Amino acid sequence: MAKDKIYADERRAGAPFEFNAEVAAVFPDMLERSIPGYAMTIDAIAALARRFVTGGSHCYDLGCSLGAAALAMRDSISEPGCRIFAIDNSAAMVERCRSIVGSTEQVEISVQQRDIREIVVENASMVVMNYTLQFLPVADRDDLLRRICSGMLPGGVFVLSEKVRDDDDRIEALLVDLHHGFKRRNAYSELEISRKRAALEDVLIPESIATHRRRLAAAGFRHVGIWLRHYNFVSIVALR
Ligand code: GEK
């Protein structure tokens, strides 16, 4: 697995973060060393796919990057006639995702380079947004979640993983610090951590758990619960 040294390079300082070829090439390492709980979300997506995906339905991995969630769903679906749509608007991610996913398996994964704000979700028993909503403009988030919910089958499952912001400023500062400690233990230097933080400013916009809960309820999800929290990273399960 190629090691993420992007922000060790001082030429990267100052520019906003982008999902380009350089990021796509080191992405699995970047996620594992930066997102506490990431591997657990992929395991849970597999377990939820076994439980919730129904025959002849669609599954969506929105903001799929290299397709980790789509692959977890594919390897767990035993129902017949399902299709998985893995969608990302980064050309570099989609190109790599296509070569990782291949095309020989029983459950087809259709990898598409699209903006997830423009897609139609239909006949869905499972939708995953694993750390993707946080990259959309806040003003676009309500509408997208409404459209996701209305394209889902009754009893379908939505998995939403996000970096969150605590309403209490002291707790927020503590959680950010603990997260930086996690990154230091994963061999990122202070300089890499602070450059990445600056690059993500205005690109990754975290919201509070209360805001996510309100939006999910307003979108039409009947049951909403947090199944994972590690510092300021959460994963939420919502049932249509
Ligand atoms: C995983 N889910 O491994 N339309 C489509 N894709 C988008 C958009 C958009 N408007 N905005 C951002 N993206 C993956 C990890 S990464 C999370 C997801 C992270 C895409 C973007 O190109 C990137 O590939 C992905 O969302 C977010 O489980 O890097 O922290």
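Source: prediction; values computed, not measured. These values consider heavy atoms only, across backbone and side chains, with no hydrogens, waters or symmetry-generated copies.
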- Taking atom CG of Leu174 and atom CG of Asn232, what is their separation to the nearest 0.5 Å? 9.5 Å

- Is there a side-chain contact between Asp61 and Ile109 (heavy atoms, below 4.5 Å)? no

- Query: Which pair of heavy atoms, one from Asp168 and one from Arg170, lies closest together, and at what distance?
  - Reply: OD1-N, 2.9 Å

- Item | Lys196 and Phe17, any side-chain heavy atoms less than 4.5 Å apart | yes

- Query: Closest heavy-atom contact between Ile6 and Met30?
  - Reply: CD1-CE, 3.9 Å

- Message: Would you compute the distance between atom CG of Asp88 and atom OG1 of Thr132 and round it to the nearest 0.5 angstrom?
- Response: 7.0 Å

Side-chain donor-acceptor distances from residues 216-228 under 3.5 Å, at least two apart:
{"from": "Trp227", "atom 1": "NE1", "to": "Ser235", "atom 2": "OG", "distance (Å)": "2.8"}

- Message: Do Ile205 and Arg141 have side chains that approach each other closer than 4.5 Å (heavy atoms only, starting at C-beta)?
- Response: yes

- Item | Side chain proximity check, Leu191 to Glu10, heavy atoms < 4.5 angstrom | no

- Contacts of Pro137 meeting side-chain contact (heavy atoms from CB on, under 4.5 Å) (sequence neighbours excluded), chain-then-number -> Arg117, Asp140

- Leu66 side chain near Pro28 side chain, heavy-atom distance below 4.5 Å: yes

- Item | Exceeds 12 heavy-atom contacts within 6.0 angstrom, atom CD of Glu95 | no

- Query: Where is the tightest heavy-atom contact between Ser34 and Phe182, given as atom of each residue plus distance?
  - Reply: C-CE2, 3.8 Å

- Inter-residue atom distance Gln134.CD - His212.NE2, 0.5 Å rounding: 8.0 Å

- Task: Taking only Lys NZ, Arg NE, NH1 and NH2, and the carboxylate oxygens of Asp or Glu, determine whether Asp143 and Arg147 approach each other closer than 4.0 Å.
- Result: yes

- Task: Give, for atom CD1 of Ile236 and atom CZ of Arg213, the distance between the pair rounded to the nearest 0.5 Å.
- Result: 7.0 Å

- Query: In Å, rounded to the nearest 0.5 Å, how long is the span from CZ of Phe233 to CE of Met40?
  - Reply: 13.0 Å

- Query: Could you walk me through whether Leu62 and Ile148 pass the side-chain contact (heavy atoms from CB on, under 4.5 Å) check?
  - Reply: CA-CA 10 Å; Leu62 304 180; Ile148 288 173; 3.7 Å; yes

- In terms of heavy-atom contacts, Met93 and Val23 come closest through CE-CG1, 4.1 Å

- Query: Taking all atoms of both residues into account, what is the closest heavy-atom pair of Ala49 and Met126, and its distance?
  - Reply: CA-SD, 3.5 Å

- If you count the non-hydrogen atoms of other residues, nucleotides and ligands that lie under 6.0 Å from CZ in Arg197, is the total more than 12? no

- Item | Salt-bridge present (Arg33, Asp29; N to O < 4.0 Å) | yes

- Message: Could you tell me if Ser110 and Gln112 have a donor-acceptor pair between their side chains, going purely by distance under 3.5 Å?
- Response: yes

- Residues Ser125 and Ser57: closest non-hydrogen pair is OG-OG, 2.7 Å

- Residue pairs passing the ring-ring contact (aromatic ring centres under 6.0 Å, His included) test where at least one lies in residues 187-209, sequence neighbours excluded: none

- Task: Give the intermediate values and the outcome of side-chain contact (heavy atoms from CB on, under 4.5 Å) for residues Ile116 and Tyr60.
- Result: CA-CA 10 Å; Ile116 55 175; Tyr60 293 82; over 6 Å; no

- Close side-chain approach of Val127 and Arg240, heavy atoms under 4.5 Å: no

- Query: Side chains of Val157 and Arg51: does their closest heavy-atom pair fall under 4.5 Å?
  - Reply: no

- Could you go step by step and tell me if Thr41 and Ile35 meet the side-chain contact (heavy atoms from CB on, under 4.5 Å) rule? CA-CA 10 Å; Thr41 63; Ile35 303 186; over 6 Å; no

- d(Cys64 SG, Met129 CE) to nearest 0.5 Å is 11.5 Å

